[in-house]
Amino acid sequence: MDNPPKNGAVAVQPSRNMVPGQGLEFKNLSYSVIKKYKKDGVWINKEAYLLNDISGQAMRGEVMAIMGPSGAGKSTFLDALAGRIAQGSLEGSVRIDGKPVTTSYMKRISSYVMQDDQLFPMLTVFETFMFAAEVRLPPSISGAEKKKRVHELLQQLGLQSATHTYIGDEGKRGVSGGERRRVSIGIDIIHKPSLLFLDEPTSGLDSTSAYSVVEKVKDIAAGGSIVLMTIHQPSFRIQMLLDRITVLARGRLIYLGSPLDLSNHLSRFGRPVPDGENNLEYLLDVIKEYDESTVGLDPLVLYQYDGTKPQQEARTPIPKPPKTPRTPHRSNTPASKHMISLRSQAFSSTNTSTPGTISRQFEYYNEEDDDDDDDYDNSLERRASHTPGHSGVYNPRLASQFYKDFSVWVYHGVTGTPRRPPSWTPARTPGQTPGKTPMSGGRSFVSSQYPTPHVSRSQAKTPVGFSHSIDPYTASFEEYFDIEEEVLDEPDLGPKYANPWLREVVVLSWRTMLNVVRTPELFLSREIVLAVMALILSSLFRKLDQDTFKDINKLLNFYIFAVCLVFFSSNDAVPTFIQERFIFIRETSHNAYRASSYVISSLIVYLPFFAIQGFTFAAITKFMLHLRSNLIHFWIILYASLITTNAYVMLVSALVPSYITGYAVVIATTALFFLTCGFFLKRSQIPIYWRWLHYLSAIKYPFEALLTNEFKGNSHCYNGGQEDLSPGPLGNVRLSQLRNDTLAGLIGRQENCNVTSLIGEDVLFSMDITKENIWYDILILLAWGVLYRLFFYLVLRFYSKNERK
């Protein structure tokens, strides 16, 4: 007959549900950040663990819900499993069907549904699903088959009645909140991924809609997928739909198993669920009670891990006493004596504990109180190296070496490519890091003293005050994880993207065109602004075909204002892309399409609209002001200006987090371009150490091209007094080398020409325009546009990463 476990220890049943080699297995997942806090007037960096040695398994065909109180690390844990934490920051191992995988492989076979529904409001539900099918399914599947799959998905998610309803937003009514959430789920399961991650899919929904969403998720899992989702306090009906639940608290595993076994788990622990109470809500109350007590969460964590059952005193934890002012001899206060007594009674099964052991326990607790300061800043900057003393562990370059924080408004990005294998860093043995307090989100005192699964049994120390029951099955499961196997990576899945580049451009162009046509204010507002401003300018300047010095100043003022109007009118693209950016990040995080396809498709769709806008302004002003410039050249210059400024605005929008910041950056830089373009200060008048800005100014090139188009080859003489030119942008008039020959030919042929007259070449020479070639300026302007687009692509490709550091 087997001997019963001593000291109240029991074998934990949930661990026996873990089957090695099946489903999604994770072991010892840990993730830490550096927390900054102020102590005695000095800022101190302290490593805090958001995830702390979490191990478990999710099976195919099942729904596993991740739960816990606020700040428990639910979303962090989901991101860790989905490969959305930057390489080098996460410790532990993740396997699929018994084989270790890289983060890139995980993203290829999984889908991640974010908490916020990022959808295009002017597309219908059917069009949204069709686009997902076009980019997620390979071209070998015909259009009819794709439509069939979309209709099956609509039926599966219960969206038949909303098939042709717009998604909608705050300004246009569309689908309901529950339907919107189901659409978000549908676009990520159109290609039937093996794993589905959902972050708070029921957030913001009423109980009926929330139940409907989870019910559909349950049906998805029944098709053979592994489904993991975070959820906050589900109703009893939703709990019954869940196959497994994972309960976290302060990043530590409290319970993993069936929701039906939770009541028995608490009863075996010594805290039976009272009659009439929900077992999950009661567990959260117990977690809060222990978390606010002197013993912390260690009894709950240890019991879940290996069935270590606390003594009776620890089952009714004593709340922490209120903080008292720090004194040099705090260990002599009554509260401290009481805590020493509690630890010695609740955690000691024998009297073999030495005074030194108790003093060390008490010292750690005092350090925790000292470090518990509210004046800190949560920083995600990972420290440069791991804790020393762990040789033989693979240490990849940390994400902080590649992701640079240019400022608070810049996205997390990469400037280099990290080493790839392994994507999940092997977990290090938890130890007592100097200066790190165990009970404030870091590893607790108990976990630093007791062995974790990756520590060999020979090195494990018997915990003081806990009886330990070793589960042979658990030991073999750990040994299974230690076996070196081939790591699954992207090449095992074939091409990274489902479709070739050209097809992606076509599909993205189709979607962008639909959005533009159904959102006419995007370009119609700019078209109206340019048309109205052209009429206003024409009425202000009136005829500019008079051959006087005053008309020279008017022409210079008109052309600089025309260029600035074109540049400033493109500012409306700032909020447009910022809204699309989150959709882009969601779609490309799982390789729906290439960043280059997105960049090219947006340019292709916008080109005809830019052409219409440029021609509208050029035609109105040309004929109403009787300009002598060539209309086609005038239009091409404005067209190139619109292309370049749109590229610049898109680049800024990709770097900033909000349209307010985007407007500020665009306006500030455009004003700088305006100042150094050669209108206010000619190139020769700009200090030599600022002259480089003159060549960087994107306004310089269209302004010079417009003046060249107006004045070069002009066979008209301008007359007037010197007072008509000053004050004005022309400044000191300088006579060109062509003046004598040209003027000699005009005198006699034109009555108003004389030796005091000015010709067009004199105006260009006085404005420091040396390259009197329209196409030279247009090519330089378009080259800037190409460069801005290239930078825009690089930001999207390497800088807009949807992952934690």
Side-chain angles (χ1 to χ4, degrees), residues 555-556 558-571 573 599-600 602-604 606-607 610-611 613-615 617-618 629-652 665-666 668-713 729 736 760-761 763-795:
L555 284 167
L556 295 176
F558 166 74
Y559 280 124
I560 190 62
F561 189 86
V563 175
C564 289
L565 177 63
V566 168
F567 270 73
F568 282 108
S569 67
S570 299
N571 288 3
V599 174
I600 297 299
S602 62
L603 176 61
I604 292 174
Y606 294 158
L607 284 179
F610 293 154
Q613 292 163 5
F615 187 80
F617 185 87
S629 60
N630 182 285
L631 176 60
I632 300 300
H633 291 170
F634 190 11
W635 166 60
I636 292 175
I637 294 168
L638 295 181
Y639 187 26
S641 300
L642 286 168
I643 294 174
T644 299
T645 185
N646 178 263
Y648 176 70
V649 170
M650 297 283 277
L651 171 61
V652 173
V665 174
V666 170
T669 52
T670 303
L672 187 61
F673 291 162
F674 184 30
L675 180 63
T676 59
C677 71
F679 179 78
F680 293 105
L681 293 173
K682 301 181 182 64
R683 182 183 60 86
S684 58
Q685 296 173 338
I686 300 176
I688 190 170
Y689 48 85
W690 285 116
R691 197 165 295 173
W692 56 274
L693 284 174
H694 175 70
Y695 298 98
L696 291 181
S697 173
I699 296 180
K700 157 187 162 62
Y701 303 100
F703 178 57
E704 291 184 356
L706 289 174
L707 294 186
T708 303
N709 188 38
E710 178 69 28
F711 291 107
K712 184 179 180 181
S736 64
E761 297 289 345
V763 177
L764 297 177
F765 190 65
S766 299
M767 293 298 295
D768 276 355
I769 298 176
T770 56
K771 297 286 187 180
E772 299 178 7
N773 189 319
I774 294 175
W775 298 110
Y776 170 83
D777 289 315
I778 291 176
L779 289 177
I780 295 292
L781 183 62
L782 290 176
W784 276 113
V786 172
L787 186 62
Y788 292 147
R789 285 279 171 180
L790 177 61
F791 286 154
F792 177 53
Y793 162 73
L794 294 176
V795 170

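Just so we're clear, the structure is a prediction, and the values are computed from it rather than from any experiment.
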Taking C-beta and beyond as the side chain, do [X] and [Y] meet within less than 4.5 Å on heavy atoms?
X: Q685; Y: F680; answer: no
X: W784; Y: L696; answer: yes
X: N773; Y: T708; answer: no
X: F679; Y: I699; answer: no
X: F617; Y: V566; answer: no

Euclidean distance, [Y] [atom2] relative to [X] [atom1], rounded to 0.5 Å:
X: I780; Y: Y776; atom1: CD1; atom2: OH; result: 4.5 Å
X: N709; Y: I636; atom1: CG; atom2: CD1; result: 9.5 Å
X: L706; Y: I560; atom1: CG; atom2: CD1; result: 9.0 Å
X: I600; Y: Y793; atom1: CD1; atom2: OH; result: 10.0 Å

### Task
Would you please test L693 and I686 for side chain to side chain contact (heavy atoms under 4.5 Å, CB included) and show each step?
CA-CA 9 Å; L693 284 174; I686 300 176; over 6 Å; no
Quick check: closest heavy atoms across [X] and [Y], and the distance to 0.1 Å?
X: I774; Y: A705; result: CG1-O, 4.0 Å
X: C677; Y: F703; result: O-CD2, 4.4 Å
X: S602; Y: R789; result: OG-NH1, 3.4 Å
X: I637; Y: L781; result: O-CD2, 4.2 Å
X: F711; Y: L556; result: CE1-CD2, 4.4 Å
X: Y648; Y: V665; result: OH-O, 4.4 Å

### Message
Taking the ring of F615 and the ring of Y639, is the distance between their centroids below 6.0 Å?
### Response
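When the ring centroids of Y639 and F615 are compared, they turn out to be at least 6.0 Å apart.
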### Task
Take L651 and V795 through the side chain to side chain contact (heavy atoms under 4.5 Å, CB included) test and state the conclusion after the steps.
CA-CA 8 Å; L651 171 61; V795 170; 4.0 Å; yes
### Task
Could you label the plane-to-plane angle of the F634 and F558 rings as parallel, tilted or perpendicular, counting under 30° as parallel and over 60° as perpendicular?
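Plane angle over 60°, so perpendicular.
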### Message
Could you work out, with side chain to side chain contact (heavy atoms under 4.5 Å, CB included) as the rule, every residue matching S570, not counting sequence neighbours?
### Response
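Expected list: R526, L642, T645, V649.
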### Message
Considering only residues two or more places apart or on different chains, which pairs with a residue in residues 689-702 satisfy salt bridge (charged side-chain N to carboxylate O under 4.0 Å, His left out)?
### Response
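Sorted pair list: K700-E704.
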Polar side-chain atom of [X] near backbone of [Y] as donor-acceptor pair, under 3.5 Å:
X: S697; Y: H694; answer: no
X: S629; Y: E710; answer: no
X: Y701; Y: S641; answer: no

### Residue pair W690, T676: steps toward the side chain to side chain contact (heavy atoms under 4.5 Å, CB included) verdict
CA-CA 9 Å; W690 285 116; T676 59; over 6 Å; no
### Message
Applying side chain to side chain contact (heavy atoms under 4.5 Å, CB included) to L794 and F791, what does each step give before you reach the verdict?
### Response
CA-CA 5 Å; L794 294 176; F791 286 154; 4.1 Å; yes
